[in-house]
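Heads up: the structure comes next, in structure tokens.
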Amino acid sequence: MRKITKAVIPAAGFGTRVLPASKAVPKEMLAIVDEPAIQYIVEEAVNSGITDILIITNRGKGDIEDHFDRAPELERRLLDAGKMDLYESVVRPAQLANIYSLRQKEAKGLGHAVSCARSFIGNEPFAVLYGDDVIISDTPVLGQLMDAYERYGKGVVGVKEMSTDVVMRGSSLKIEPLAEGCFACSDMIEKPAHESQLFSHYTVLGRCILPPEIFDIIDHTPPGANGEIQLTDAMAELSRTVGMTAVDFIGKRYDLGNKLGMLQAAVEVGCKHPEIGDAFRAYLKELIHNL
């Protein structure tokens, strides 16, 4: 079984749910305390053993490429001022992994965005980390999925049991227990139109591992929900033919595609921040007391 070393991060969405903040700044670059959201996703991939990452962007998202590049003038100023901690924090993103970018020239859905990575992936299994989802965990969530891939040898999706309204807006999986926290997945549906279409209340949340065969499946996958080529529809075919594994991962997921998710991430990460955590928690206690 080939080791998974490549990952794709689709980050080509318009960020309409967090406008107007995303009008000039890609939503993936909005900060969670002092790091852009996408850096948390890249770090999760790297901490799981990924060495090569392709970020799928679109027009107007050059800031993402710049963040993972060197900034010689800024670095020189920080060094000259003796600000080594800041210097290291600025240099670090460029040293995390081999990071590449590719533009999705048409907004045709998540499935199409993943298909743009075909030449980068070649004939290897690979990981997909959705650009809207930051997941904080002591053990990287992608690493949890990679363990399941090595154990069962099939594509893997990261899942959580969610409320009906969340599942109706996302996906629903047909599953059977395999082991603690692991399920065999034999079908799934994207954005069920009616509750009668629900297989279960387990839904895909932001992480998956796919075999290279998924590209051929995407090629003949017709537009689905919202008139877009949905990755879930392609994974549904993969589930029905060879099966997939679903992992109820351990970690806290933040949906950074909406304003509440951004606030939740900033508050909860801020409470644990080594520099400001103590002061921020004290502020929150005082704030709550005076509400």
Atom of Ile209, atom of Met244 and distance for their closest heavy-atom approach: O-CE, 4.2 Å
Greater than 12 external heavy atoms within 6.0 Å of Lys174's NZ: no
Cluster check Val42, Met29: I/L/V/M/F/W/Y, side chain < 4.5 angstrom: yes
Between CD on residue Glu161 and CG on residue Leu205, distance to nearest 0.5 Å: 11.5 Å
Ring centre gap for Tyr100 and Phe68 strictly below 6.0 Å: no
Residues Glu28, Lys61; criterion salt bridge (Lys or Arg N to Asp or Glu O under 4.0 Å); working and verdict: CA-CA 9 Å; Glu28 297 84 5; Lys61 295 206 173 187; 3.0 Å; yes
Neighbour count >12 (heavy atoms, 6.0 Å) for atom NE2, His194: no
Interatomic distance, Asp133 atom CG to Leu256 atom CG [nearest 0.5 angstrom]: 7.5 Å
Value rounded to 0.5 Å, distance of CZ in Arg118 from CZ in Phe126: 10.0 Å
Atom CZ of Arg240: over 12 foreign heavy atoms under 6.0 Å: yes
Pairwise distance CG(Asp219) to CD1(Ile214) - rounded to 0.5 angstrom: 10.5 Å
Hydrophobic cluster identity match, Leu129 and Val156, side-chain contacts under 4.5 Å: yes
Salt bridge (Lys or Arg N to Asp or Glu O under 4.0 Å) between Arg207 and Glu44, intermediate numbers included: CA-CA 11 Å; Arg207 303 290 183 270; Glu44 178 191 330; 2.8 Å; yes
Test salt bridge (Lys or Arg N to Asp or Glu O under 4.0 Å) applied to Asp165 and Arg169, step by step: CA-CA 6 Å; Asp165 63 315; Arg169 296 195 305 269; 3.4 Å; yes
Heavy atoms of other groups near Glu275 CD, more than 12 under 6.0 Å: no
Minimal non-hydrogen separation, Met188 against Cys185, with atom names: CE-SG, 3.8 Å
Sidechain N-carboxylate O distance under 4.0 Å for Glu43, Arg92: yes
For the student: nearest non-hydrogen atoms of Pro93 and Ile99, plus distance: O-CD1, 4.0 Å
Cation-pi, Tyr202 ring and Lys160 (6.0 angstrom, 45 degrees): no
Enclosure of Leu79 CG (heavy-atom neighbours >12, cutoff 6.0 Å): yes
Neighbour count above 12 (heavy atom, 6.0 Å) for Asp138 CG: no
